[in-house]
Number of protein chains: 2
Amino acid sequence: MTDAKWLNDEQLVVWTRFVAVLQLFPAALDAQLERDAQLTHFEYFTLAMLSEAPQRTMRMTALAGFTTASLARLSRVVSNLEKRGYAKRQPCPEDRRATNVTLTQDGWQKVVATAPGHVDLVRSIVIDTLTAEELTQLSTISAKLLSKLDPQARMVATARSQTPPPV
Amino acid sequence: MTDAKWLNDEQLVVWTRFVAVLQLFPAALDAQLERDAQLTHFEYFTLAMLSEAPQRTMRMTALAGFTTASLARLSRVVSNLEKRGYAKRQPCPEDRRATNVTLTQDGWQKVVATAPGHVDLVRSIVIDTLTAEELTQLSTISAKLLSKLDPQARMVATARSQTPPPV
DNA sequence: CTCGAAAAGTTGTAGCTACAACTAAATCAC
DNA sequence: GTGATTTAGTTGTAGCTACAACTTTTCGAG
């Protein structure tokens, strides 16, 4: 690895702060969504990704990529969403190993109903707090971190399309 | 809340990327520490904070502040660390509601042994990946986010002192 | 003083996640 | 073609965390 053993004071401050962000941010997202929509952030994000896919349908593996999750984790979460009527699984005709997940009408409406409040939170914490310049910086920095965290970039560039509900 | 309903494309990219970081970073930290030292990142961070406290001792509530955790969570983790001989609890004489946690000799050695490998990871993902300028930016941005995530700033500025093992 | 509220911790319970083991289908090599 | 490997997905199990309920002690008001 690298040579220097410890972090200097400045580096330590950055790191410590960032660790706090890593700790608090997911909790804040979960708290808002759980309170307002009885969804974890991961569940919401999964529904949101599905809502933007063509036909609102995606293969499990693709969805796992978009949500940066393991197939195991996604499988459990989709089962749960299915139980609640927000998603539906169907065997994929082209590849009989694969499974297609589709957002149901209820799932779509859930996303539509939930998105505004969630976007408000994201705006209030990130978008409206940082300057345009800082937002750009965060974008660049995140991309660099991701290149180390996920070298093969399984987490695709998030193909955009369609109309509303985004993240 | 704010008025605009959706995020524009740029904002969406930033947010999506950042969500991926939020997802992958903790997993990477846990994976390295679990593999090399049979510790979660939260456990390691707890030990590291203790290692820098005067007397290597802190009240539960203070430690909860430094680790940005709830008392409930910390209590369980400290119990576990105690079972493994890395920490020790003692009733606080000044306030009989309170509990002091102390890093044991074993705990200290665990931190000393674990820190280098962990610092390597942190360097390789963050410190060495970003330019000095970007590090400063990340620091500023993190501070701004924290001001929203934790307005009362329970998470103190991480009083520094003593010698090695830092984070 | 003394009573009600706040602070410091702990713990039961339910839900989520990681890891590993496992099935089934598609591919690749020869 | 046929067996070995890889890909897609599911599920058992153990461990971690959040939330809420509950003690015990301290503090503040009157």
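Chain identifiers are assigned alphabetically (A, B, ...) following the order of the sequence lines, protein sequences preceding nucleic acid strands; residue numbering begins at 1 within each chain.
Within the model, atoms CG of L135(A) and CD1 of I141(B) stand 8.0 Å from one another, a figure rounded to the nearest 0.5 Å. From Q55(A), atom CD reaches atom OG1 of T102(A) across 8.5 Å, with rounding to the nearest 0.5 Å.
In this structure, F66(A) and T46(A) have side chains that are not in contact, with every pair of non-hydrogen atoms separated by 4.5 Å or more. You'll find the side chain of V126(A) reaches within 4.5 Å of the side chain of L138(A), heavy atoms only. Here the side chains of V111(B) and Y86(B) are not in contact, with every heavy-atom distance at 4.5 Å or above.
Nearest to the side chain of A72(B), among dT11(C), dT6(D), dT10(D), sits dT11(C). Nearest to the side-chain atoms of R97(A) among the listed nucleotides dT7(D), dG9(D), dT17(C) stands dT7(D). Proximity note for T99(B) (side chain, C-beta onward) versus dG12(C), dT11(D), dT10(C): the nearest is dT10(C). In this structure, the nucleotide among dA25(C), dT11(C), dA8(C) sitting nearest to the side chain of A98(B) is dA8(C). Distances were taken from every side-chain heavy atom of E43(A) (C-beta onward) to each of dC16(C), dG9(D), dA25(C); the shortest belongs to dC16(C). Taking every side-chain heavy atom of R73(B) into account, dA18(D) is the closest of dA18(D), dT7(D), dG9(C).
Counting to the nearest Å, the C1' atom of dA24(C) and the CG atom of D95(A) are 11 Å from each other. The distance from atom CZ of F42(B) to atom P of dT17(C) is 18 Å, rounded to the nearest whole Å. Per the geometry, CZ belonging to R59(B) stands 14 Å off P belonging to dA7(C), to the nearest Å. To the nearest angstrom, P of dA21(C) lies 18 Å from CG of L71(A). dG15(D) atom P lies 15 Å from atom CG of D30(B), rounded to whole Å. The distance from atom CZ of R76(A) to atom P of dA20(C) is 14 Å, rounded to the nearest whole Å. Regarding M60(B), its CE atom lies at a distance of 18 Å from the P atom of dT24(D), rounded to whole Å. Residue Q90(B) contributes atom CD, which lies 13 Å from atom P of dT10(C) at whole-angstrom precision.
In terms of position along DNA chain D, the nucleotide closest to Q23(A) lies nearer the 5' end than the nucleotide closest to the other residue of the pair R96(B) and Q23(A).
R89(B) comes within 4.0 angstrom of the backbone, heavy atoms only, and of no base.
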